[in-house]
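Being a predicted model, the structure only gives us computed values, none of them experimental.
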Amino acid sequence: ETKMPPKERLTWILDQAIADPHKGVITFIGPTQQGKTHFIKRYFQDRGYTLLIMKPQNDLPEDIGGWPKVTWVKEKPVLSFTQPSFIPPKLLEKLDDPTAKIAIYIDEGDKARDDVLSCLLSLLNDDERNIRETHFGLNVAIAMSMNETSRLAEPFVARCLFIAFPQEDM
């Protein structure tokens with residue numbers, strides 16, 4: 001029996017999950033300083049993706065969900081939000097473009113602040129893929145990494161496809 005080398009196997013898993021986002025968000029889980037972030041960044045770089053990095057342990061709700069703003073419609077105030085600040089304005093129009101190669105990498109998702117968790121849950125839900133008013137088409141690849149932990153909210157866990165990193169044979 002021949003085994004696929006670990007890096008090829010992990011690449012194949014990412015390829016499959018990105019091709020069908022309904023399988024769940026690939027989430028590399030493992031000890032700190034094992035190369036999860038490097039592997040994911042390199043994967044997207046090698047494939048020509050524009051990579052957007054979200055750090056939910058540092059980002060404020062406004063960084064991820066946008067700043068609230070009031071606009072007036074027919075003399076009545078309407079609450080809306082600016083675009084998420086981790087997305088450069090020039091990429092906003094490409095989020096639904098099926099030819100655009102855009103990826104979101106959520107670094108250390110297990111350390112997400114409680115006040116940004118609802119934004120992440122909407123983004124990670126394959127039926128929604130929204131952060132407030134910003135929609136991310138199925139063309140936008142999403143991957144995440146986290147350290148080993150047992151304190152994750154159940155809705156968060158339900159959206160992830162956990163892959164051990166490093167693999168036992170690395």
- Task: Could you tell me whether a side-chain N or O of Glu75 sits under 3.5 Å from a main-chain N or O of Trp72, the two making a donor and an acceptor?
- Result: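 It does not hold such a pair.
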
Checklist line | Any Leu52 side-chain heavy atom under 4.5 Å of Pro88 side chain | finding: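 Side-chain contact under 4.5 Å: yes.
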
### Query
Is Leu121 close to Arg159 at the side-chain level, that is, under 4.5 Å between some pair of heavy atoms?
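Yes; the side chains approach each other to less than 4.5 Å.
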
Query raised in the report: Mind checking whether Glu108 and Asp110 have side chains closer than 4.5 Å, heavy atoms only?
Result: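 The answer is yes, as the side chains (C-beta and beyond) meet within the 4.5 Å cut-off.
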
* Shortest non-hydrogen contact from Pro56 toward Val116 ->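 Minimum heavy-atom contact is O-CG2, 3.7 Å.
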
Discussion item. I need the Phe86 CZ to Asp63 CG distance, nearest 0.5 Å.
Written reply: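 Going from the CZ atom of Phe86 to the CG atom of Asp63 covers 10.0 Å.
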
- CG of Leu95 to CD1 of Ile102: how many Å apart, nearest 0.5 Å?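 Reported to 0.5 Å precision, the distance equals 5.0 Å.
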
*Starting at NZ of Lys111, measure out to CE of Met146 and round the result to the nearest 0.5 Å.*
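The distance works out to 10.0 Å.
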
* Specify the closest pair of heavy atoms between Leu10 and Ala164, including all atoms of both residues, with the distance to one decimal. =>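 Distance-wise, the nearest heavy atoms are CD2-O, 4.4 Å.
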
- Message: My understanding is that only residues two or more places apart in sequence, or in another chain, count here; which of them pass side-chain contact (heavy atoms from CB on, under 4.5 Å) with Lys55?
- Response: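 Listed in chain order: Ile53, Gln57, Asn58, Asp59, Asp107.
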
Taking Lys36 for the side chain and Gly30 for the main chain, is one N or O donor matched with an acceptor at less than 3.5 Å?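 The answer is yes, because a donor-acceptor pair under 3.5 Å joins these two groups.
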
Linking I/L/V/M/F/W/Y whenever their side-chain heavy atoms sit closer than 4.5 Å, directly or via other members, would Met4 and Phe165 fall into one cluster?
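The answer is yes; both residues are in one hydrophobic cluster.
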
| For Gly65 against Ile131, the heavy-atom pair lying closest together |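 That would be CA-CG2, 3.6 Å.
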
- [ ] Give the other cluster members for Trp67, using side-chain heavy-atom distances under 4.5 Å between Ile, Leu, Val, Met, Phe, Trp and Tyr residues; answer none if it is isolated.
- [x]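 So far as hydrophobic clustering goes, Trp67 is joined with none.
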
Heavy-atom pair of closest approach, residues Val70 and Pro77:
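That would be CG1-CB, 3.7 Å.
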
Shared hydrophobic cluster, Leu138 / Ile142 (ILVMFWY, side-chain heavy atoms < 4.5 Å)
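Shared cluster, no.
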
Practice problem: Show your working on side chain to side chain contact (heavy atoms under 4.5 Å, CB included) between Phe28 and Thr37 and close with a plain yes or no. | Solution: CA-CA 9 Å; Phe28 286 150; Thr37 298; over 6 Å; no

Could you identify which residues cluster with Val78, counting Ile, Leu, Val, Met, Phe, Trp and Tyr as linked when any side-chain heavy atoms lie under 4.5 Å apart, either directly or through a chain of such contacts?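 Hydrophobic cluster check, Val78: joined to Val73.
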
- List the steps and the verdict of side chain to side chain contact (heavy atoms under 4.5 Å, CB included) for Leu120 and Met54. CA-CA 10 Å; Leu120 282 180; Met54 184 189 301; 3.4 Å; yes

Applying side chain to side chain contact (heavy atoms under 4.5 Å, CB included) to Leu51 and Gln45, what does each step give before you reach the verdict? CA-CA 8 Å; Leu51 184 59; Gln45 177 186 2; over 6 Å; no

_As a quick check of understanding, evaluate side chain to side chain contact (heavy atoms under 4.5 Å, CB included) for Ile106 and Leu123, giving each step before the final call._
CA-CA 11 Å; Ile106 304 166; Leu123 173 63; 4.2 Å; yes

Set of residues satisfying side-chain contact (heavy atoms from CB on, under 4.5 Å) with respect to Lys69, sequence neighbours excluded: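 Scan of Lys69 (side-chain contact (heavy atoms from CB on, under 4.5 Å), adjacent residues dropped) gives Ser80, Thr82.
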
- Message: Using 0.5 Å steps for rounding, measure from the OG atom of Ser122 to the NE2 atom of His135.
- Response: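 Result: 12.0 Å between the selected atoms.
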
Those residues that, when tested against Lys101, pass salt bridge (charged side-chain N to carboxylate O under 4.0 Å, His left out) (two or more places apart):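 With sequence neighbours excluded, Lys101 shows a salt bridge (charged side-chain N to carboxylate O under 4.0 Å, His left out) to no residue whatsoever.
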
Review point. What ring pair (Phe, Tyr, Trp, His ring centres under 6.0 Å) pairs are there with at least one residue in residues 97-134, not counting sequence neighbours?
Key: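 Sorted pair list comes back empty.
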
Closest contact, heavy atoms only, Gly109 versus Phe156: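 For Gly109 versus Phe156, the nearest heavy atoms are O-CZ, 3.6 Å.
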
With a 3.5 Å cut-off and sequence neighbours excluded, list the donor-acceptor pairs that the side chains of residues 13-20 form with protein atoms.
residue	atom	partner	partner atom	Å
Asp15	OD1	Tyr43	OH	2.4
Asp20	OD1	His22	N	3.1

Side chain proximity check, Leu79 to Pro68, heavy atoms < 4.5 angstrom =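 A side-chain contact exists here, since the closest heavy-atom pair is under 4.5 Å.
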
Exercise for the section: Could you pull out all residues at least two apart from Phe136 that satisfy ring-ring contact (aromatic ring centres under 6.0 Å, His included)? Expected result: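 ring-ring contact (aromatic ring centres under 6.0 Å, His included) list for Phe136, sorted by chain: empty.
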
- Taking only residues two or more places apart in sequence or in another chain, which ones pass salt bridge (charged side-chain N to carboxylate O under 4.0 Å, His left out) with Asp46?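 Result, salt bridge (charged side-chain N to carboxylate O under 4.0 Å, His left out) vs Asp46: Arg42.
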
Counterpart residues, salt bridge (charged side-chain N to carboxylate O under 4.0 Å, His left out), relative to Asp115 (two or more places apart):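 With neighbours one apart ignored, the set is Arg113.
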
Checklist entry - Between CZ of Arg132 and CD1 of Ile64, what distance do you get to the nearest 0.5 Å? => result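 Nearest 0.5 Å value for the CZ-CD1 distance: 10.0 Å.
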
Hey, are the side chains of Thr11 and Phe39 touching, using non-hydrogen atoms and a 4.5 Å cut-off?
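Side-chain contact under 4.5 Å: yes.
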
Checklist line | Partners passing side-chain contact (heavy atoms from CB on, under 4.5 Å) against Asp127 (at least two apart in sequence or in another chain) | finding: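 With sequence neighbours excluded, Asp127 shows a side-chain contact (heavy atoms from CB on, under 4.5 Å) to Asn125, given in chain and number order.
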
Atom pair OG1 (Thr27) and CD1 (Ile40), whose distance is rounded to the nearest 0.5 Å
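Going from the OG1 atom of Thr27 to the CD1 atom of Ile40 covers 8.0 Å.
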
>> Going by the rule side-chain contact (heavy atoms from CB on, under 4.5 Å), which residues pair with Thr50 if we only count those two or more places apart in sequence or in a different chain?
In response: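 Partners of Thr50 by the side-chain contact (heavy atoms from CB on, under 4.5 Å) criterion, ordered by chain and then number, come out as Leu91.
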
* To do: Looking only at non-hydrogen atoms, find the nearest pair between Gly137 and Arg129 and report the distance.
  =>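 Taking every non-hydrogen atom into account, O-NH2, 2.9 Å.
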
